[in-house]
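Structure first, then comments.
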Amino acid sequence: SQQGEEDPQALSIQEGENATMNCSYKTSINNLQWYRQNSGRGLVHLILIRSNEREKHSGRLRVTLDTSKKSSSLLITASRAADTASYFCATDVTAAGNKLTFGGGTRVLVKP
Amino acid sequence: SAVISQKPSRDICQRGTSLTIQCQVDSQVTMMFWYRQQPGQSLTLIATANQGSEATYESGFVIDKFPISRPNLTFSTLTVSNMSPEDSSIYLCSVASQGRDTQYFGPGTRLTVL
């Protein structure tokens with residue numbers, strides 16, 4: 001069963017707008033990772049946030065983690081058409097196993 | 001980050017046949033994994049490929065259906081055996097190094113079974 005649930009399942013925005021997607025999970029985690037997938041191809045690693053961190057930034061990406069609520073959010077600022085993709089959160093519930101459990105994903109469409 | 005390649009990138013196969021997918025990494029890595037992504041779905045972990053020993057399979061996946069090899073620290077194969085249309089998916093390998101949490105993915109193999 002999936003550890004994470006993502007919300008919304010799909011998102012359509014205009015270029016320049018911000019996109020926010022959320023991920024909820026069920027058990028305690030070691031870290032949470034966000035990935036992007038373009039058109040059913042390989043996954044691109046975006047950002048990793050550890051359980052003792054609350055917020056991380058990478059370029060136009062901002063990730064928050066609330067372990068009390070077992071949730072994370074990914075914000076893409078000033079979106080571009082090239083940001084059109086599916087975004088997945090993945091949780092690592094083990095300290096050394098590196099086994100990831102993926103959420104259902106959010107399909108983002110950025111219209112030019 | 002590691003550079004990962006997979007072969008083939010895609011294939012169309014007949015039911016009842018088997019396909020072996022290769023995953024090659026440009027540097028030695030501790031952990032290698034195989035995932036399946038069914039059409040329109042998220043990724044599900046099939047197994048952890050262990051160097052020099054049998055792979056560790058997740059619930060719902062068995063060695064007879066998905067035999068895995070890992071002869072060294074840079075290479076692994078996944079075989080999809082006795083295929084049926086339900087095996088049509090994208091199969092992805094991923095890698096991680098000990099002491100590093102980040103996991104990197106290959107470009108995937110898109111398999112269609114007729």
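Every heavy atom of this structure was used, including side-chain atoms; hydrogens, water molecules and symmetry mates were not. Proteins get letters first, then strands, A, B, ... in listed order; numbering begins at 1 in each.
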dist B/Glu58:CD -> A/Thr101:OG1 (nearest 0.5 Å) comes out at 8.0 Å
For A/Leu109, does the CG atom have more than 12 heavy-atom neighbours from other residues, nucleotides or ligands under 6.0 Å away? yes
Can you establish whether the number of heavy atoms outside A/Glu15 located under 6.0 Å from its atom CD is more than 12? yes
Taking B/Ser42 for its side chain and A/Gly103 for its backbone only, find out whether a donor-acceptor pair lies under 3.5 Å. yes
Minimum-distance pair of heavy atoms, taken over all atoms of B/Phe33 and A/Lys99: CE2-CG, 4.2 Å
Mind checking whether B/Ile4 and B/Leu92 sit in one hydrophobic cluster, side chains of I, L, V, M, F, W, Y counted as touching below 4.5 Å? no
In terms of heavy-atom proximity below 4.5 Å to chain A, should B/Gln37 be classed as side chain, backbone, both, or neither? side chain
Write out all pairs satisfying disulfide (SG to SG under 2.5 Å) with one or both partners inside residues 61-91 of chain B, taking only residues at least two apart or from two chains. none
Under 4.5 Å side-chain heavy-atom separation, chaining through any Ile, Leu, Val, Met, Phe, Trp or Tyr, what else clusters with B/Met83? Say none if it is isolated. B/Leu19, B/Ile21, B/Trp34, B/Ile46, B/Tyr57, B/Phe61, B/Ile63, B/Phe66, B/Ile68, B/Leu78, B/Val80, B/Tyr91, B/Leu111, B/Val113
Taking only heavy atoms into account, what residues of residues 45-78 of chain A are found under 4.5 Å from chain B? A/His45, A/Leu48, A/Arg50
Result block: side-chain N/O donor-acceptor pairs under 3.5 angstrom for residues 23-32 of chain B, not counting sequence neighbours:
{"from": "B/Gln24", "atom 1": "NE2", "to": "B/Thr74", "atom 2": "O", "distance (Å)": "3.2"}
{"from": "B/Gln24", "atom 1": "NE2", "to": "B/Thr74", "atom 2": "OG1", "distance (Å)": "3.4"}
{"from": "B/Asp26", "atom 1": "OD1", "to": "B/Val3", "atom 2": "N", "distance (Å)": "3.0"}
{"from": "B/Thr30", "atom 1": "OG1", "to": "B/Gln98", "atom 2": "N", "distance (Å)": "2.9"}

Interatomic spacing from CZ in A/Arg41 to CZ in B/Phe105 - rounded to 0.5 Å: 16.0 Å
Do the non-hydrogen side-chain atoms of A/Leu100 and B/Tyr35 ever get within less than 4.5 Å of each other? yes
Using the rule that two of Ile, Leu, Val, Met, Phe, Trp, Tyr join whenever any of their side-chain heavy atoms come within less than 4.5 Å, decide whether B/Tyr104 and A/Phe88 are in one cluster. no
